[in-house]
There are 2 protein chains.
Amino acid sequence: MATINDVCKLAGVSKATVSRVLNNTGQVKKSTADAVYQAINTLGYKPNSLARALATNCTNTLGLVVSAFEGAYFSSLMRKASETSANDGKQLLIMDGGHSPQSEEKAIHSLVERKVDAVILYTRKMPAEKLKTLMESLPVPLIVINQMVEGFEPRCICFDQYQAACNATEFLIAKGHNKIACISGPENSVNSSLRLQGFKDTLAKHHLPLCGIYHGNYYTQSGYHACQALLDSNQPFSALFAANDSMAMGAIRALHEAGINVPEEISVMGFDNDPAGPFLIPSLSSIMLPVDAMAQTAIEQAMRLLKGDKISEVDLFSGSLIVRESVDQLKKPR
Amino acid sequence: MATINDVCKLAGVSKATVSRVLNNTGQVKKSTADAVYQAINTLGYKPNSLARALATNCTNTLGLVVSAFEGAYFSSLMRKASETSANDGKQLLIMDGGHSPQSEEKAIHSLVERKVDAVILYTRKMPAEKLKTLMESLPVPLIVINQMVEGFEPRCICFDQYQAACNATEFLIAKGHNKIACISGPENSVNSSLRLQGFKDTLAKHHLPLCGIYHGNYYTQSGYHACQALLDSNQPFSALFAANDSMAMGAIRALHEAGINVPEEISVMGFDNDPAGPFLIPSLSSIMLPVDAMAQTAIEQAMRLLKGDKISEVDLFSGSLIVRESVDQLKKPR
DNA sequence: TTGTATGCGTTATCAG
DNA sequence: CTGATAACGCATACAA
């Protein structure tokens with residue numbers, strides 16, 4: 001690999017001059033600049049980004065850690081984040097959060113050690129206090145998607161889980177359902193709890209009973225098993241609210257195997273708007289999460305922070321109801 | 001951020017000694033080592049990985065670029081690659097290949113500029129000659145998944161697309177089908193062509209006619225549209241081979257909307273074994289690709305290369321048939 | 001067992 | 001406009 005010194009010699013100038021033309025900082029005579037470019041080309045010289053970073057204390061790199069590489073949701077997140085940061089002249093380095101807060105933290109630290117200029121964290125389970133500690137102690141800005149941290153609101157990009165769950169439930173109720181079961185997410189997840197609370201509160205608001213709440217882990221299989229358990233419990237219900245589309249799919253499969261038609265006998269509502277939704281049979285009603293917008297906003301906030309701008313709190317992102325076949329008007333009570 | 005110098009002062013030793021205890025290279029008296037650790041702890045000192053990399057010319061980092069962040073397939077790939085490299089003491093940095101060979105190449109170069117020790121590329125469309133050039137010119141080893149490069153066989157981790165497609169087709173034929181349509185992948189993709197060729201050759205081997213070949217882009221929607229086009233063409237067929245599960249899902253939806261039952265009237269075969277497959281209605285027959293094993297092997301080959309071991313060509317990975325509901329015995333000719 | 005000096009490839013501060 | 005030269009933070013050969 002050619003270094004700046006090789007360029008110096010070939011161009012017959014000093015390192016300083018080469019550096020100047022490279023970063024067009026300071027005045028350089030046209031002719032010498034040309035000579036430098038000439039040398040750079042013939043040598044195929046590329047500046048060593050490590051050395052540059054060491055000298056400037058800036059790597060032009062953003063780090064993203066996602067709680068786990070799973071599902072279309074994360075794909076969108078990564079893609080959009082990658083694209084947005086590229087537009088801002090920053091490379092995005094992505095690391096696996098490995099499903100646990102511990103490994104998420106490890107990933108963050110290794111990104112920090114690599115001197116990323118900022119890190120974006122999409123977490124599912126890291127507790128707010130831990131996040132707060134990290135935000136206070138990390139030498140670079142930390143932006144978090146999906147979790148609110150008191151005192152650091154501008155660095156939090158959140159979705160209004162509660163309201164979206166309320167809307168989903170209202171939709172079911174508006175369709176005439178009054179016995180609605182639920183397959184919730186993991187119990188130790190803040191967002192999962194918010195979705196569940198929205199569901200419960202909406203039911204309560206309409207003086208409707210809780211009829212069966214089961215917990216899954218967001219995977220299809222867990223939705224399948226939860227639904228089987230629900231069926232086994234013999235609690236009557238005409239609609240089912242699943243905390244994400246994958247679990248909804250699993251539930252629909254379980255209902256199918258039990259000989260129950262969706263939506264004729266039981267309506268199913270999902271969450272997240274998985275791209276597969278429109279093609280399922282029946283197609284899946286869901287709540288659309290603006291992941292792309294959230295990813296973009298996260299990067300933008302990071303960039304503002306880096307530029308030294310004052311950043312202000314961003315509004316909660318809100319979902320929108322996607323009406324498809326899996327939810328139908330209540331026909332006969334079950 | 002505390003530096004090694006701060007540690008020196010606090011521990012009352014020289015940089016060299018600190019460095020020694022840090023990398024346990026050379027002999028250090030227990031007591032002084034303890035003092036160093038002491039200092040490190042109270043300062044919360046973390047070695048600067050950039051400086052270290054600059055000095056050692058090794059970043060302990062592997063780079064992975066995937067052709068696009070899309071689908072469960074890539075999730076598995078990234079997860080396993082991440083895990084494997086972590087086990088080997090290397091951090092995995094992931095970048096988006098942005099769907100085109102041009103941006104894939106850009107991603108590779110930016111990884112190289114960041115001085116990753118090796119790069120793994122999962123590509124869909126980068127031509128073999130381009131890959132060859134890269135392998136020859138890059139200052140670090142390049143391992144490629146999913147494409148064979150002449151003269152660099154040991155660096156290629158490939159799947160036997162052709163044979164797997166043959167097996168899938170044989171399965172359909174064994175079920176009595178003799179009019180089999182196909183929704184293939186993009187025409188400019190090598191692997192897609194291999195799958196299609198396997199399909200065609202197997203048909204030919206059994207003296208069966210080609211009845212309808214349509215091209216999609218691996219997305220669900222394209223499978224949906226391709227199937228509609230196929231239906232519109234009025235060519236009779238009793239089975240459909242889709243080049244991946246997403247397109248198969250789209251096709252099944254299109255058949256459903258046309259009032260055609262799967263598998264009673266038409267059998268559908270997928271490819272890739274998407275995790276959603278078992279839960280679809282009907283559940284989807286498919287070909288399982290050992291992505292995890294391939295990812296792991298890719299990392300392992302990279303590690304061998306880095307250690308200076310001689311590496312030898314790895315066998316083609318082969319798929320296995322996953323039999324589920326979507327393919328049934330031919331009942332009546334259509 | 002420990003310290004000194006030098007180099008890794010850049011940037012940046014001064015002089016000239 | 002250009003060239004020395006000192007950082008940047010760490011590793012390492014060579015002395016002591």
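Chain letters run A, B, ... following the sequence lines, proteins first, then strands; residues in each count from 1. Because the structure is predicted, anything quoted here is derived from the model rather than measured. In what follows, every heavy atom counts, from backbone to side chain, and hydrogens, waters and symmetry copies are set aside.
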Dump the intermediate steps for side-chain hydrogen bond (donor to acceptor under 3.5 Å, both in side chains) on A/Glu70 and B/Ser75, then the final yes or no. CA-CA 6 Å; A/Glu70 229 107 41; B/Ser75 302; over 6 Å; no

Applying side-chain contact (heavy atoms from CB on, under 4.5 Å), name anything that partners B/Ser100, two or more places apart in sequence or on another chain.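 side-chain contact (heavy atoms from CB on, under 4.5 Å) check on B/Ser100 returns B/Gln102, B/Ser103.
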
Does B/Thr25 have any side-chain contact (heavy atoms from CB on, under 4.5 Å) partners at least two apart in sequence or in another chain, and if so, which?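 B/Thr25 satisfies side-chain contact (heavy atoms from CB on, under 4.5 Å) with B/Asn23 only.
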
Positions of residues 11-18 of chain A (non-hydrogen atom under 4.0 Å from DNA chain C), listed by number: A/Lys15, A/Ala16

Output the residues of residues 39-62 of chain B in contact with DNA chain C, where contact means a heavy atom of the residue under 4.0 Å from an atom of the strand; sort by number or write none. B/Leu54, B/Ala55

Any side-chain heavy-atom pair of A/Met95 and A/Ser110 under 4.5 Å: yes

Looking at side-chain heavy atoms only, is the closest gap between B/Pro101 and B/Lys130 below 4.5 Å?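 No, their side chains stay 4.5 Å or more apart.
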
Would you write the dot-bracket representation of DNA chain C, where each base gets (, ), [, ], | or . depending on whether it forms a Watson-Crick or G-U pair under 3.5 Å and with which partner? ||||||||||||||||

Shortest non-hydrogen separation from A/Ala81 to A/Leu64 and the atoms involved: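 Minimum heavy-atom contact is CB-CD2, 4.1 Å.
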
Determine the contact category for B/Thr32: base if any of its heavy atoms lies under 4.0 Å from a base atom, sugar-phosphate if only primed atoms, P, OP1 or OP2 are that close, otherwise nothing.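 The residue B/Thr32 makes sugar-phosphate contact but no base contact.
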
Heavy atoms under 4.0 Å, any strand shown: does B/Asn23 hit a base, just sugar-phosphate, or nothing?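 Touches sugar-phosphate only.
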
Got a sec: does the CD of A/Gln38 have more than 12 other heavy atoms crowding it under 6.0 Å? no

Considering only distance and modelled atom types, tabulate donor-acceptor pairs under 3.5 Å from the side chains of residues 2-9 of chain B, sequence neighbours left out.
unit_1: B/Thr3; atom_1: OG1; unit_2: B/Asn5; atom_2: N; d: 3.1
unit_1: B/Asp6; atom_1: OD2; unit_2: B/Thr3; atom_2: N; d: 2.8

5' precedence on DNA chain C between A/Met1 and B/Gln27 (nearest-nucleotide basis):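 The residue whose closest nucleotide sits nearer the 5' end is B/Gln27.
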
Applying side chain to side chain contact (heavy atoms under 4.5 Å, CB included) to B/Phe69 and A/Ser76, what does each step give before you reach the verdict? CA-CA 7 Å; B/Phe69 291 158; A/Ser76 299; over 6 Å; no

Where chain A begins and ends its contact with DNA chain D, read 5' to 3' at 4.0 Å from heavy atoms: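 Footprint of chain A along DNA chain D, 5' to 3': D/dC1 to D/dG9.
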
Decide side chain to side chain contact (heavy atoms under 4.5 Å, CB included) for B/Val119 and B/Val116; before the verdict, give the C-alpha distance in whole Å, the side-chain angles of both, and the deciding distance to 0.1 Å. CA-CA 7 Å; B/Val119 7; B/Val116 295; 4.1 Å; yes

Let me have the donor-acceptor pairs involving side chains of residues 141-150 of chain A, under 3.5 Å, with sequence neighbours excluded, atom names and distances please.
unit_1: A/Asn146; atom_1: OD1; unit_2: A/Gln161; atom_2: NE2; d: 3.3
unit_1: A/Asn146; atom_1: OD1; unit_2: A/Asn191; atom_2: ND2; d: 3.3
unit_1: A/Asn146; atom_1: ND2; unit_2: A/Tyr122; atom_2: OH; d: 2.9
unit_1: A/Gln147; atom_1: NE2; unit_2: A/Met126; atom_2: O; d: 3.0

For [X], all residues meeting side-chain hydrogen bond (donor to acceptor under 3.5 Å, both in side chains), sequence neighbours excluded:
| X | answer |
| --- | --- |
| A/Arg114 | B/Thr61 |
| A/Asn57 | none |
| B/Lys30 | B/Asp34 |

Ionic contact status for B/Arg79 with A/Asp96, cut-off 4.0 Å: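 Judged by the 4.0 Å cut-off on N to carboxylate O distance, A/Asp96 and B/Arg79 do not form a salt bridge.
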
Earliest and latest nucleotide of DNA chain C, 5' to 3', sitting under 4.0 Å from a non-hydrogen atom of chain A?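 It runs C/dG9 to C/dA12.
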
